[in-house]
Amino acid sequence: MNILIATSEAVPFAKTGGLADVCGALPVELARLGARPAVILPAYRKVHYCGLPIERLGIDFIVPIGSKTVVGHLLQSSLPGCDVPVYLVQQDQYFDRDQLYGADGKDYIDNCERFVFFCRAVLEVIRLLDLEVDVIHANDWQTGLVGAYLKIEYRNLPRYERIGSLFTIHNMAYQGRFWHWDMLLTGLDWKYFNWHEMEFHGKLNLLKAGLVYADSISTVSPRYAEQIQSSPLGCGLEGVLQHRHDVLSGILNGMDANEWDPQSDPHLAANYDSRSVAQGKAACKAALQEELGLPDEPRVPLVGFIGRLAEQKGIDLVADVIQRWVQTSDVQWVILGTGQPKYHRLFETLARRFPQQVAARLEFSNPLAHRIEAGADIFLMPSRYEPCGLNQMYSLCYGTVPVVRATGGLADTISEANGFSFQEYNSTALSETLHQACNTYRRPEAWSRLIATGMSQDWSWAHSARQYVELYQTTIARTG
Ligand code: ADP
């Protein structure tokens with residue numbers, strides 16, 4: 001089975017979020033299962049610093065963009081440690097820039113044009129390289145037009161007749177909405193600019209195009225697949241998703257089990273597995289408390305949060321609960337993250353005023369993220385919405401008990417057997433659930449059971465990749 005994964009990011013070439021992790025890890029696992037995946041993404045400036053050899057293929061191509069034609073070139077590399085090919089679409093005017101999508105908090109003004117070009121390039125590359133493709137797997141709005149071009153312009157060409165298309169949504173909140181005149185850039189007839197297809201409230205919506213033209217649609221957890229079929233998580237496209245619900249499914253992302261394994265993690269003060277978790281975590285907790293300048297208190301619960309300081313992640317609830325608890329409860333807190341300036345100021349102030357209870361590291365630090373996952377007792381993820389979420393999986397694997405809001409992937413991974421969850425999005429619900437967790441923490445037997453269950457679960461890619469293989473088969477059947 002030949003799968004071409006079209007994406008705007010993939011580890012280690014270019015990354016701004018979880019999409020890159022999926023598109024870097026899934027193909028490796030697919031290859032292990034006997035499929036023949038390949039990845040295609042833009043050759044941003046950053047890709048040249050990924051540490052892997054990249055060769056020029058000496059193949060140039062031309063695609064129409066509005067009334068002009070634009071030349072592109074092809075580069076090739078492969079994913080680390082395997083021979084999965086990675087095709088990089090070079091067009092320096094579009095992609096030789098510092099960032100992927102924008103700078104100084106603003107999107108690049110030509111983002112529509114850049115990704116129209118990329119989508120056209122994906123289709124052209126199949127012909128140029130004479131690739132056999134059974135399914136094109138497109139991801140997020142940046143590749144939203146791939147399915148449209150396949151159905152509208154390429155369908156009758158011999159090589160493309162039987163290609164199926166899968167479109168995966170990683171976050172409904174990012175839709176690639178552009179003013180209507182950008183329809184001209186696509187080269188597609190205005191007849192497709194209607195509310196059943198590419199138009200959304202007067203604008204061109206590339207995510208919507210992705211949903212409308214795909215043979216199959218997936219998202220990154222079964223619960224999120226349900227939630228996006230209604231408001232507010234459908235972000236206005238719930239009607240489209242209801243209409244296509246028969247081809248919509250959810251597959252949880254896996255975690256990178258090489259990077260996140262307490263038995264071999266080089267960032268930790270002590271390595272441990274499920275048998276040595278009690279001693280291992282105690283050593284990691286003491287080392288973390290020392291690193292953060294918190295008192296060495298083995299019996300005080302240490303509560304961690306890692307992530308973007310954004311309302312999606314429920315950071316407003318975390319801030320509220322810390323302020324409510326800090327003067328009355330015997331709990332330590334550590335926050336690792338960057339994001340909205342008002343939360344930087346708030347956590348800095350709390351850490352200064354209450355240095356015995358609150359540590360704030362307002363930066364991006366992967367090693368510290370590992371040490372928090374190992375050294376904390378409880379991990380907070382009170383997200384407003386969460387398509388999948390990875391930190392709760394790392395926590396389970398590291399014997400750290402998650403306290404989460406039951407939404408999206410958090411609802412699919414956290415149950416009474418391995419953690420605590422609440423429904424209502426408010427700080428009282430979070431506070432009550434955290435109380436429950438702290439009470440259980442003081443009952444070592446019950447706590448050890450939670451930890452043991454979490455550590456025994458398998459969240460690696462192996463399981464999810466098998467589900468993707470099935471979905472590709474279903475997609476091929478739908479096409480044929
Ligand atoms: P997102 O919505 O941001 O993609 P995920 O939970 O799916 O959320 O993935 C975010 C990833 O980035 C996780 O691996 C998390 O540990 C990591 N991360 C986020 N913020 C930081 C930070 N400040 N330092 C280190 N790692 C971080």
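Both counts, for ligands and for their atoms, begin at 1 and track the order of listing. For reference, positions follow the sequence shown, starting with 1.
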Peer 1: For atom 5 (P) of ligand 1, tell me which residue out of Asn391, Asn171, Ile335, Leu390 has the closest non-hydrogen atom.
Peer 2: Leu390
Peer 1: May I ask whether Gln392 places a heavy atom under 4.0 Å from ligand 1?
Peer 2: no
Peer 1: May I ask you to decide if the ring planes of Trp141 and Phe115 are parallel, tilted or perpendicular, using 30° and 60° as cut-offs?
Peer 2: perpendicular
Peer 1: For atom 21 (C) of ligand 1, is the nearest protein heavy atom closer than 4.0 Å?
Peer 2: yes
Peer 1: Atoms of ligand 1 less than 4.0 Å from Gly337 heavy atoms?
Peer 2: 23 (N)
Peer 1: Does the protein come close to atom 10 (C) of ligand 1 - that is, does one of its heavy atoms sit below 4.0 Å from that atom?
Peer 2: no
Peer 1: Can you tell me how far apart OG (Ser421) and CD (Gln392) are? Round to the nearest 0.5 Å.
Peer 2: 11.5 Å
Peer 1: For ligand 1 and Ser365, I'd like to know whether there is a polar contact (N/O to N/O, distance under 3.5 Å).
Peer 2: yes
Peer 1: Parallel, tilted or perpendicular: which fits the ring planes of Trp260 and Tyr394, with parallel below 30° and perpendicular above 60°?
Peer 2: parallel
Peer 1: Would you tell me which option among Arg308, Glu363, Met255 has the nearest heavy-atom contact to atom 3 (O) of ligand 1?
Peer 2: Arg308
Peer 1: Taking the six-membered ring for Trp, are Trp447 and Phe420 parallel (under 30°), tilted (30 to 60°) or perpendicular (over 60°)?
Peer 2: parallel
Peer 1: Considering both backbone and side-chain atoms of Asn366, is one of its nitrogen or oxygen atoms within less than 3.5 Å of a nitrogen or oxygen in ligand 1?
Peer 2: no
Peer 1: How far does OG of Ser221 sit from CD of Glu386, to the nearest 0.5 angstrom?
Peer 2: 9.0 Å
Peer 1: If the cut-off is 4.0 Å to any non-hydrogen atom of Gly307, which atoms of ligand 1 fall inside it?
Peer 2: 19 (C), 20 (N)
Peer 1: Considering the heavy atoms of Tyr394, write down every atom of ligand 1 situated less than 4.0 Å from one of them.
Peer 2: 14 (O)
Peer 1: Salt bridge check: are Arg345 and Glu348 linked by an N-O gap of less than 4.0 Å?
Peer 2: no
Peer 1: Salt bridge check, Arg371 against Glu290: does any charged N sit closer than 4.0 Å to a carboxylate O?
Peer 2: no
Peer 1: At under 4.0 Å between heavy atoms, which part of Lys313 makes contact with ligand 1: side chain, backbone, both or neither?
Peer 2: side chain
Peer 1: Within ligand 1, which atoms have a heavy atom of Gly18 less than 4.0 Å away?
Peer 2: 4 (O)
